[in-house]
Amino acid sequence: MSNFVSVARDSDVAIVTIDNPPVNALSFHVREPLMHALAALRDDASVGAIVVACAGRTFVAGADITEFGKPVQQPELRAVIGTLETIAKPTVAAIHGTALGGGLELALGCHFRVADADARLGLPEVKLGLLPGGGGTVRLPRLVGAIKALRMIVSGALVGADEAHEAGLVDAVFESNVITHAVNFAREIARKGGPFTPVRDRDDEIKKTELAAFDAGAADLARKARGLDAPIACAQAVRNTVTMSFEEALAAERALFMKLVADDQSRAQRHLFFAEREAAKVPGKDLVRRRIARVGVVGAGTMGGGIAMAFVNGGFPVTLLETSQEVLQRGLGMIDKNYAVSVSRGSLTEDAKRQRLAQFKGSTDYSDLADCDLIIEAVFEDMAVKKEVFGKLDAMAKPGAILATNTSYLDIDEIAASISRPQDVLGLHFFSPANVMKLLEIVRADKTAPDALATVVDLARRIGKVAVVVGVCHGFVGNRMLAARGSESEALLLEGATPSQIDKAFTDFGWPMGPFQMGDLAGLDIGWRNRKARGQTAVIADMLCEQGRFGQKTGRGFYLYENGSRMPVRDPQVEALIRGKAAEKGIAPREISAEEIIERTHYPLINEGAKILEEGIAARASDIDVIWVNGYGFPIGKGGPMFWAGLEGATGIVQRLEYWHQRTGKDVFKPVRLLKRMAETGSWEAGARP
Ligand code: 3H9
């Protein structure tokens, strides 16, 4: 018995309960008493069956991630599961909440698994750059078949209790009181008598595997791995289960796990796991949150419509406001169409679509926003227009309503100062498409009330967003850093690189696409319009826009898109235009390496990030990583720009920035104080404000 593991008896059935809040992770202080308890119950003749269960909100959610990278404390998880498997009397896992990673592996060590109807099960280790290292790759295929196990392990996706039951992973599903049912289940099984076969000895499903089909499936999944090692290792481990004995496959799984856990990719992904949770922590944990029951959105364009969908999908009714019936109907029509796509893809039922659409109330009258607790303005990016909207909201909104702007660049302090209740004003910078993209920059203005801020941070989580609180500056964190990167991409073109060469350097680095492909996809005209409004220029991109080359939507941009295809094709005409422009400026083309491309585009990004930290615009370096991974596609295997700076070595980065600064005289290359200090101390901590 310990504080973390207890044993109770219901006549001849023993119930082992793990109680390690918040998620019952299998920390050392759980493994040790659990192992002892299991061994004692195995040898206790008065015990006829054993139920393994958890207290609190969930079954075991996995190994304790904070222990990775430290020396392993015995007994390790595999030994605990090994002990469980030596028990001849029936063992039953009673699953509620989530059985994840090492938690599901523990359950696989039992003869049987029963679950609550709303329980979810999975092996999500791949998302931490790992594979299931507690026998999951060897046992799961024995229950659900190698191909289903492959899909589950490589994707890390969870399955619901019913699907798990159908697949053979779970033996029974109960509407509620899973532990009571598990005890009855165990007693009944024990009464019928054994022998009870441990999962490790069930080979029937494995023997059915067609290796050619398995390999085809694995190859398909590997293509999507995009430079990440873990998905490939996961597939290899499951394949070993098909081709090797249980013991051999288990040993091979361990070797693969030990390699991954020590690698930078997994360190980076574990960093991101904790970084996302840290980002959601703002001062004022105990502040009373404002009640949010209805949300208003001003503007039913692409952005406003997406924001409205994000809230409806998260369970909030939305009032959507437009200037005229015609524009409103167009916006609502677009929303209908978006849901129809989800229905056609099978991710939404017709019925669910109908229910969601019923949650939208369209209006052209500001007074209809009077019952909204949060109102988000998503109108044209222009200070005068925004101030006019806020003036109307000030007159109409109920006292205490949170008034948010979705601006990407404008000064929110100025907007707040223009109305009578600046304490209720903040920024909610969604990323397009807002109903899909996970990132939400929450902008705290000078006078934003702490309870308003805490309310939207909680709310963001409820609608499935990864939220990061940032301060007011031009472009906030993400777009401000993007500008530092963008100017160098242009400069590299003029100096001799081609768009495809630069994009390839990016995809080789791990980005889903390079900056020019991205520009073509988003529409080059957007940046062009923004630049014109601010009196800025981008030599090449402006030139393309002047020729009507707006990217994919016009079939031509930095690349050609033939016959409506989304596949970018190199365009010699664009390359000639770039050379012409360079010649005009007296720049002779030269050979440019992939290394130079990465240095000149990524080091200024880190330098700007350091400046943002210095200024207190972001509270933590890890917040910047969360923004770049979730909003801009920075490769997860590198952990975000600030984490990657640590891997790359800040000393080297400072040296190279100084070199480029000397050579070009550009400010983006001038290393900021905090980056230099990071080079000395190896940590961003010193500079980050709490
Ligand atoms: C594994 O199992 C490897 C094995 O195969 C092999 C071993 C040899 N460890 O997410 P939340 C913390 S790898 C340590 O906000 P929710 C989390 O940091 C593991 N800590 O709650 C947070 O702390 P704080 C495979 C953990 O209700 C607090 O718990 N398993 C762990 O939104 C609450 O978390 C996974 O990858 C952990 N395993 O979601 C599952 N998990 O309050 C990872 C959570 O200080 N976990 N914490 O910020 C999850 O997906 C979610 O936490 C879960 C609950 C869905 C369970």
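Each ligand, and each atom within it, is numbered from 1 in the order the structure gives.
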For ligand 1, which atoms sit closer than 4.0 Å to a heavy atom of [X]?
X	value
Phe273	18 (O), 41 (N), 43 (C), 44 (C), 46 (N)
Asp64	9 (N), 14 (C)
Leu128	13 (S), 19 (C), 36 (O)
Arg461	11 (P), 15 (O), 16 (P), 21 (O), 32 (O)
Gly101	2 (O), 25 (C)
Phe68	3 (C), 13 (S)
Pro132	5 (O)

(message) Measuring from atom 45 (O) of ligand 1, which candidate in Lys127, Lys281, Glu105 has the nearest non-hydrogen atom?
(response) Lys281
(message) Out of Gly122, Ala61, Gly102, who is nearest to atom 30 (N) of ligand 1 when you count heavy atoms only?
(response)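 Among Gly122, Ala61, Gly102, the closest heavy atom to atom 30 (N) of ligand 1 belongs to Ala61.
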(request) Would you kindly check if the NZ (Lys) or CZ (Arg) of Lys638 is within the cone defined by 45 degrees around the ring axis of Phe509 and under 6.0 Å from the six-membered ring centre? (result) yes
(request) Measure from NZ or CZ of Arg270 to the centre of the six-membered ring of Phe274 and say whether it is under 6.0 Å with the direction within 45° of the ring axis. (result) no
(request) Could you give me the CA-CA distance, side-chain angles and deciding distance for His429 and Asn406, then say whether side-chain hydrogen bond (donor to acceptor under 3.5 Å, both in side chains) is met? (result) CA-CA 5 Å; His429 182 209; Asn406 175 53; 5.4 Å; no
What's the shortest distance from [atom] to any protein heavy atom, and which residue and atom give it?
atom	answer
atom 6 (C) of ligand 1	Gly133 N, 3.5 Å
atom 20 (N) of ligand 1	Phe274 CE2, 4.3 Å
atom 8 (C) of ligand 1	Phe257 CZ, 3.9 Å
atom 7 (C) of ligand 1	Ala63 CB, 3.7 Å
atom 22 (C) of ligand 1	Arg277 CD, 4.2 Å
atom 9 (N) of ligand 1	Ile65 N, 3.0 Å
atom 50 (O) of ligand 1	Leu100 CD1, 4.0 Å
atom 54 (C) of ligand 1	Val23 CG1, 4.2 Å

What do we get for [X] next to ligand 1 when only non-hydrogen atoms under 4.0 Å count, side chain, backbone, both or neither?
X	result
Met258	neither
Pro124	side chain
Phe59	neither
Pro22	side chain
Leu123	neither

(request) With Leu84 as reference, evaluate Val80, Thr86, Ile87 under the side-chain contact (heavy atoms from CB on, under 4.5 Å) test and give the passing residue. (result) Ile87
(request) Among Val170, Val92, Val199, find the one that has a side-chain contact (heavy atoms from CB on, under 4.5 Å) with Phe112. (result) Val92
(request) Might you check, step by step, whether the distance between atom 32 (O) of ligand 1 and some protein heavy atom is under 4.0 Å? (result) yes
(request) For the residue pair Leu140 and Met152, establish whether any side-chain heavy-atom pair is separated by less than 4.5 Å. (result) yes
Would a distance-only check, ignoring hydrogens and angles, find a side-chain to backbone donor-acceptor pair under 3.5 Å from [X] to [Y]?
X	Y	value
Lys438	Gly464	yes
Arg113	Leu169	yes
Arg139	Arg200	no
Glu85	Gly109	no
Asp373	Arg294	yes
Ser266	Asp263	no
Glu205	Leu143	no

(message) Pairs of nitrogen or oxygen atoms closer than 3.5 Å, one from Thr66 and one from ligand 1: do any exist?
(response) no
(message) With respect to Arg57, determine whether any N or O atom, backbone or side chain, lies less than 3.5 Å from an N or O atom of ligand 1.
(response) yes
(message) Please tell me whether Thr17 and Asp19 have a donor and an acceptor in their side chains that are separated by less than 3.5 angstrom.
(response)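 There is no such pair (donor and acceptor under 3.5 Å, judged by atom type) between the side chains of Thr17 and Asp19.
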(request) Let me know which of Thr455, Asp451, Asp458 forms a side chain to side chain donor-acceptor pair (under 3.5 Å) with Arg289. (result) Asp458
